[in-house]
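Scroll down for the structure; my scribbles are underneath it.
Chain A is the first sequence line, chain B the second, and so forth, proteins listed ahead of strands; every chain is numbered from 1.
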Protein chains: 2
Amino acid sequence: MSAVEEAFHGLRRMISSGRLGPGQRFPPEADLCAELGVSRSSLREAVRMLSALGAAESRHGSGVYVSALRPEDIIGSLALTVDLLPLSGLLDMYELRRVLESHAAAQAAARSTDDINDRLDALLDALEACDDIEESAQLDSEFHETIATASGNPTMVALLGVFRARSRSYQMFGMPDGRSIKRTSDQAHRSIAHAIRVHDPVAASSAAASHVAQTETWLRFYRPQPTGGSHSTIGDGSGGDVDDGNVDGGSSEASGAVGS
Amino acid sequence: MSAVEEAFHGLRRMISSGRLGPGQRFPPEADLCAELGVSRSSLREAVRMLSALGAAESRHGSGVYVSALRPEDIIGSLALTVDLLPLSGLLDMYELRRVLESHAAAQAAARSTDDINDRLDALLDALEACDDIEESAQLDSEFHETIATASGNPTMVALLGVFRARSRSYQMFGMPDGRSIKRTSDQAHRSIAHAIRVHDPVAASSAAASHVAQTETWLRFYRPQPTGGSHSTIGDGSGGDVDDGNVDGGSSEASGAVGS
DNA sequence: GAAACCTAAGTCGTCTGATGACTTTGTAGC
DNA sequence: GCTACAAAGTCATCAGACGACTTAGGTTTC
């Protein structure tokens with residue numbers, strides 16, 4: 001095992017063994033080097049890995065700390081890399097998103113309060129009145145996040161957040177049929193919100209599933225122009241019912257707009 | 001922005017802009033340092049981050065390469081850190097697992113072939129005949145992975161694999177009622193496999209959901225002894241219907257056994 | 001001519017030392 | 001008590017050197 005791997009697993013073990021708990025501070029770099037038997041460079045690379053994965057956090061001048069170790073922290077670490085996936089892979093993710101979003105809507109319907117329902121309605125009012133592409137994307141995202149939060153599972157919020165962040169790179173509302181797409185999307189949102197308000201989990205679930213599936217279809221057939229550039233599609237020949245022909249992959253730099 | 005972050009985003013942009021595609025090689029370290037304006041140490045830390053997240057791969061003597069950028073690659077990077085989560089967080093993840101496992105079973109039921117059905121039956125025969133805790137865990141895991149694979153979505157396979165890897169740290173079959181638990185688990189597996197064989201997605205879905213929920217209940221109330229040590233539970237006061245009282249968190253070092 | 005071997009260049013992996021920046025703590029002064 | 005300041009502790013970054021590994025190309029051998 002290389003020096004960096006050695007250090008990485010050593011640090012990891014300090015947490016998994018219970019020696020260090022969430023929020024606690026690691027010993028100083030010098031001590032860690034001595035204990036793990038590696039140089040400072042290698043140790044630092046190992047710490048970077050742990051912090052990229054959301055399990056540790058380095059504070060300049062203070063020390064290296066174990067993160068809070070909430071599932072959200074770990075899952076959130078995906079956010080910076082899902083952006084890099086080509087579109088063909090994104091479609092696989094949409095199947096997961098559809099299932100989870102649907103479940104979240106059902107849970108939200110079972111547990112919704114007046115506060116939540118009012119907030120959802122307010123967001124939809126603003127969204128329908130909104131003409132700006134970027135702002136629409138933001139409101140759309142908040143709508144879905146509110147539902148996820150209402151479902152009561154922070155891990156779900158984080159995972160759906162990651163999926164949503166990825167979608168944002170596509171100019172869905174900016175596509176040729178943008179206005180028509182947005183109208184359809186607005187209606188779907190109303191259906192979901194209504195089902196949640198009347199505590200109908202089954203209706204909420206299917207409305208959400210249908211909404212995500214619709215978005216997926218737009219993505220697949222309209223082939224939106226990515227905003228940051230494009231790279232070649234990778235061939236993973238196992239997409240199930242996913243027609244992964246020569247769909248071009250792309251990725252986000254400028255933040256575009258999204259319909260989801 | 002710090003030097004390492006600068007470098008990290010620079011590297012990331014090389015991919016997202018389309019300048020480098022999956023499998024392609026980055027310029028040598030020296031060139032990257034010059035282009036990004038950072039020292040070699042900082043650059044290397046940035047590369048480590050990217051590789052920890054599954055987006056790049058460094059090969060000694062050869063160069064740094066962009067990964068295949070399949071969703072599995074990215075999601076698989078979670079495997080090394082979910083082990084660190086305390087039990088309270090794990091229960092949130094089980095809700096996601098239940099939903100996804102259930103969906104995968106339904107998809108598998110719709111698409112199962114003779115090969116798959118035979119393989120599932122063979123695994124269950126072996127599992128029921130098996131007395132060794134560790135081997136049981138392995139067979140159990142293969143059973144679930146086969147179903148996920150049959151569902152046709154590699155991203156799902158990867159995500160469920162991550163969840164499963166985490167479960168393995170708990171000695172479920174080794175608990176006081178281990179034999180009884182394993183019998184119940186075996187029966188549930190048979191139900192799932194049967195529903196898949198007869199192409200009944202609804203039955204497969206509910207059988208799988210029920211199986212995961214059962215496992216979740218065992219985990220929550222039996223409080224298995226973690227094998228590697230334990231750390232204090234973190235309080236996230238938002239577990240939905242999850243009763244996150246003073247359940248002790250733990251983590252894996254020795255590979256224990258699992259029922260799932 | 002083909003295969004095996006060898007050599008050299010290119011590249012990453014690791015270590016060491018030095019300097020700067022930031023945080024924290026304790027102390028002195030008011 | 002509060003502020004200001006100084007000192008110690010800690011991480012951030014850079015630079016240089018050497019070793020290990022891979023790759024490519026040429027050479028030898030059969």
Side-chain angles (χ1 to χ4, degrees), chain A residues 1-15 19-69 73 77 80-81, chain B residues 1-15 19-69 73 77 80-81:
Chain A
M1 195 154 50
S2 74
V4 174
E5 285 173 18
E6 200 81 54
F8 177 70
H9 285 107
L11 295 173
R12 203 165 145 269
R13 178 162 319 212
M14 287 183 187
I15 302 174
R19 175 170 158 197
L20 288 176
Q24 285 192 289
R25 196 178 71 172
F26 281 95
E29 285 181 346
D31 296 4
L32 286 174
C33 290
E35 177 174 345
L36 300 171
V38 300
S39 73
R40 251 194 90 204
S41 325
S42 300
L43 175 76
R44 284 184 55 78
E45 290 186 24
V47 169
R48 280 289 178 189
M49 292 173 68
L50 218 49
S51 91
L53 292 167
E57 182 188 348
S58 187
R59 299 181 204 156
H60 192 173
S62 173
V64 178
Y65 296 78
V66 180
S67 84
L69 290 180
D73 297 329
S77 73
L80 286 177
T81 43
Chain B
M1 195 153 51
S2 73
V4 173
E5 284 172 22
E6 200 80 55
F8 177 71
H9 285 107
L11 294 173
R12 201 164 148 272
R13 178 163 318 211
M14 287 184 187
I15 303 175
R19 174 168 157 197
L20 288 176
Q24 284 193 289
R25 196 179 71 172
F26 281 96
E29 287 180 348
D31 295 3
L32 287 174
C33 290
E35 178 174 344
L36 300 170
V38 301
S39 73
R40 229 189 119 201
S41 321
S42 300
L43 174 75
R44 284 184 55 78
E45 291 186 24
V47 169
R48 282 287 178 190
M49 293 174 68
L50 218 49
S51 91
L53 292 168
E57 180 189 351
S58 187
R59 300 181 203 156
H60 192 173
S62 173
V64 177
Y65 297 77
V66 180
S67 83
L69 290 181
D73 297 330
S77 72
L80 286 177
T81 42

Can you tell me which nucleotide in dA12(D), dC14(D), dT14(C) comes closest to the side chain of A3(B)?
dC14(D)
How long is the gap from CD1 on I15(A) to OG on S67(A), to the nearest 0.5 Å?
7.0 Å
Would you mind telling me which of dC11(D), dT22(D), dC12(C) lies closest to the side-chain atoms of S58(B)?
dC12(C)
Where the side chain of S41(A) is concerned, which of dT23(D), dC15(C), dA15(D) is the nearest nucleotide?
dC15(C)
So which heavy atom on A3(A) is nearest to which on S42(A), and how close?
CB-OG, 3.9 Å
Whole-Å distance between dG13(C) C1' and L32(B) CG?
16 Å
Any N or O donor-acceptor pair under 3.5 Å from the base of dA12(D) to the side chain of R40(A)?
yes
Choosing from dT10(D), dC14(D), dC12(C), which nucleotide comes nearest the side chain of E29(B)?
dC12(C)
Interatomic distance where CD belongs to E5(A) and C1' belongs to dC12(C) [whole Å]:
14 Å
Please report the closest heavy-atom contact between A46(B) and F8(B), naming both atoms and the distance.
CB-N, 3.5 Å
Check whether the side chain of H60(A) and the base of dA12(D) form a donor-acceptor pair under 3.5 Å.
no
Ranking dT11(C), dA15(D), dC15(C) by distance to the side chain of S39(B), first place goes to dA15(D)
Using whole Å, report how far CZ of F8(B) lies from C1' of dA12(D).
18 Å
Value in whole Å for how far the C1' atom of dC15(C) lies from CG of L36(A):
15 Å
Per nearest nucleotide of DNA chain C, the residue lying toward the 5' end, R59(A) or P28(B), is P28(B)
In whole angstrom, give the distance that lies between atom OH of Y65(A) and atom P of dT23(C).
11 Å
Give S2(A) one of three labels, base, sugar-phosphate or nothing, depending on what nucleic acid heavy atoms sit under 4.0 Å from its own.
sugar-phosphate
What is the distance, rounded to the nearest whole Å, between atom CG of D31(A) and atom C1' of dT10(D)?
11 Å
Flag, side chain of R40(B) to backbone of C33(B), donor-acceptor distance under 3.5 Å
no
Main chain of V66(A), side chain of R25(A): is a donor-acceptor contact present, judged purely on distance under 3.5 Å?
no
S42(A) side chain: which of dC15(C), dT13(D), dC12(C) is closest?
dC15(C)
Rounded distance (Å) that lies between atom P of dT11(C) and atom CD of E57(B):
18 Å
Between dG13(C) and R44(B), is there an OP1 or OP2 to side-chain N/O distance shorter than 4.0 Å?
yes
Atom CZ of R25(B) to atom P of dC12(C): distance rounded to whole Å?
7 Å
